[in-house]
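First up is the structure itself, then whatever we jot down about it.
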Amino acid sequence: MSENLSLEMLNRASHRRLNPLTGDWVLVSPQRAERPWQGQVEETADPQLPSYDPECYLCPGNERAAGARNPDYKSTFLFTNDFAALKPDAPPGEIDDGGKGLLVAESERGTCRVVCFSPSHNATLARLSVDEIRSVIDVWIAEYRELGSSPEINYVQIFENRGEMMGSSNPHPHGQIWANQTIPNEPRKEQASQLAYLQKQRACLLCNYLELETQARTRMVCENSCFVALVPLWAVWPFEVMLLSKAHVPDILSLQSESGTALADILKRLITRYDNLFDVSLPYSMGFHQAPTDQKPHPEWHLHAHFYPPLLRSASVRKFMVGYEMLAGAQRDITPERAAARLREVSERQHTT
Ligand code: H2U
Ligand code: ZN
């Protein structure tokens, strides 16, 4: 391939882009962006929710599904998931049935927690004040510290699934924290890439990437003194965003008072833009990727978050990761540069409905 081919020239034809964090390629087909759609159309309007729902298992004072009662909490509320996917008392052991490395399994210990972001049933992260979001971040920091200090916990995954489309079971604003013994697939791939880059280039992969994106500006969405939100060059989901710390810090524990508040600020601004994009509370899965809690130094790790919203061109048309994606590899039509421009165009002011 010619080395002086510009992205602008590439963008007129099908091409593929490399995700240096995972080693995966994404196929980009800009020429398909205008194709007609006669498939599934999702419900659009946000339901009007009350600030308290007597049937909600996350609202203050209510009883949860397994019988425990929530306190009358006023800010955030954290509890161990009543139906946890990981348990601290799983019996240890491993098998390699037949000894050929083909029937392999091992025990996995851990714990799962649920964090309610607000007592208000109809709030969202974007509708909370910066100070209220800061309280959520303080819970994330405290949990990363506490869970990570256990010798049996080597990775802490903080995430939020928002919206029915993403499988969230309840509109009450909440996120989850899953902590376990081994490093799960996605952060393990990112760790290997960041480590290999550091060893080869003697520099941080994401520091170098951020510098290039800051110069190019075509994929930037918004920024403040400590964080940048951008559509990565290799984005798979139409409006995928990566949130990067400007400082090279491995985890949220390293956030100072100013950068913690800056994280709250950028979260509010980014999610408000998302909500204004299609005039609907945008469904997404988001989560932080940060250093494992294995008590080893991790100079390769650079704190960041990924946002994966499934919507494609309106509140009612979603992107499906099926067919070619399931069997071959990820593909997108609208370019990351166009998606970033759309996200830059929308307001950071909350629409009042
Ligand atoms: P999602 O809606 O994002 O799936 O998360 C809700 C979590 O809350 C889910 O993991 C837990 C579910 O197991 N849960 C409880 O721990 N107690 C309950 O009473 C209901 C739901
Ligand atoms: Zn509720």
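Read the numbers this way: they start at 1 and go in the same order the structure lists the ligands and their atoms. Keep in mind that this is a model prediction, so the values were computed, not measured.
- Of the protein's non-hydrogen atoms, His174 NE2, 3.3 Å is the one closest to atom 1 (P) of ligand 1.
- In summary, Glu240 and Arg332 do not engage in a salt bridge, as defined by a charged side-chain N under 4.0 Å from a carboxylate O.
- Between Trp301 and His304, the ring planes lie parallel to each other; the angle is under 30°, not in the 30° to 60° tilted range.
- Residue-and-atom listing of protein N/O/S atoms under 2.8 Å from the Zn ion (ligand 2), sorted by chain and number: Cys56 SG, Cys59 SG, His121 ND1, His172 ND1.
- For atom 21 (C) of ligand 1, the closest heavy atom belonging to the protein is Tyr57 CE1, 3.2 Å.
- Which parts of ligand 1 touch Phe79 is read off a 4.0 Å heavy-atom cut-off, strictly below it: atoms 15 (C), 16 (O).
- The ring-ring contact (aromatic ring centres under 6.0 Å, His included) check on Tyr73 picks up Phe77, with sequence neighbours excluded.
- Of all protein heavy atoms, the one lying nearest to atom 19 (O) of ligand 1 is Ala65 N, 2.6 Å.
- Cluster annotation: Phe307 is connected to Val346 through the hydrophobic network of ILVMFWY side chains, with a link wherever side-chain heavy atoms come within less than 4.5 Å.
- Between Glu160 and ligand 1 there is no heavy-atom distance shorter than 4.0 Å.
- Within the set Leu58, Asp82, Asn170, Asn62, the minimum heavy-atom distance to atom 16 (O) of ligand 1 is found for Asp82.
- Val114 CG2, 3.8 Å is the protein heavy atom nearest to atom 8 (O) of ligand 1.
- In the hydrophobic clustering, Trp178 connects to Leu86, Phe159, either directly or through intervening members, whenever side-chain heavy atoms lie under 4.5 Å apart.
- Between Glu132 and Lys268, none of the side-chain N atoms (NZ, or NE/NH1/NH2) sits under 4.0 Å from a carboxylate O, so this pair counts as no salt bridge.
- If you chain together hydrophobic residues whose side chains sit under 4.5 Å apart, Leu49 and Tyr52 never meet in one group.
- Under the ring-ring contact (aromatic ring centres under 6.0 Å, His included) criterion, Tyr197 pairs with no residue at all, not counting sequence neighbours.
- Here the protein heavy atom with the shortest distance to atom 13 (O) of ligand 1 is Asn81 OD1, 2.7 Å.
- Neither side chain, Asn122 nor Ser51, offers a donor N or O lying under 3.5 Å from an acceptor on the other.
- Side-chain N/O atoms of Asp251 and Ser254 include a donor and acceptor closer than 3.5 Å.
- Taking atom 5 (O) of ligand 1 as the reference point, the nearest protein heavy-atom neighbour is Gln176 NE2, 3.0 Å.
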